[in-house]
Amino acid sequence: MALKDRIESDNKRVFVNFKEFATLHSWGSKEILCVIDDDNIARQNCTNILENSWENNLEETILYVQDKEIGYRPTAREQVYFDGMDMVVVHCRDNMGIYEIMLRSNISRGIL
């Protein structure tokens, strides 16, 4: 078995596995199995001086999903409906059949 095939098998068997790391979320009207990485956002905010921390209504999410789950490759600035929220795709990177998708949304918060 080629290394590429073994990595793809491991992605399915371990990383994007409901019993291990993945959870169900909604992508539009479709249920998908993906891994949410909130720690990555926290690390980026700690190391990037030119980040969007001044925008208090900004919410970012990074998710990892198999390319077959969504059925297409999302593009930057595409508007999507993820877990009941309107969001915009910041980027989508393909890493051996796993998409890393960064989503951004503005959330309206009340003023005290």
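Given the structure is predicted, the values throughout are model-derived calculations rather than measurements.
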For Arg73, the salt bridge (Lys or Arg N to Asp or Glu O under 4.0 Å) test, sequence neighbours excluded, returns none
Determine whether [X] and [Y] make a side-chain contact, defined as any pair of heavy atoms from C-beta on separated by less than 4.5 Å.
X      : Y     : answer
Ile101 : Val65 : yes
Glu100 : His91 : yes
Gln66  : Ile98 : yes
Ile62  : Ile36 : no

Is a donor on one side and an acceptor on the other found under 3.5 Å between the side chain of Lys30 and the backbone of Glu69?
-> yes
ILVMFWY cluster, Ile70 and Tyr81 together (side-chain gap under 4.5 Å): no
Gln79 meets the side-chain contact (heavy atoms from CB on, under 4.5 Å) criterion, sequence neighbours left out, with Asp86
By side-chain contact (heavy atoms from CB on, under 4.5 Å), Val80 pairs with (sequence neighbours left out) Trp27, Tyr72, Glu78, Met87, Val89, Leu103
The ring pair (Phe, Tyr, Trp, His ring centres under 6.0 Å) partners of Phe82 (sequence neighbours excluded) come to His25
Heavy atoms of Cys92 and Pro74 approach each other most closely as CB-O, 3.4 Å
CG of Leu63 to CG of Asp37, rounded to nearest 0.5 Å, is 10.0 Å
The reported gap from CG in Asp67 to OH in Tyr99 (rounded to nearest 0.5 angstrom) is 5.0 Å
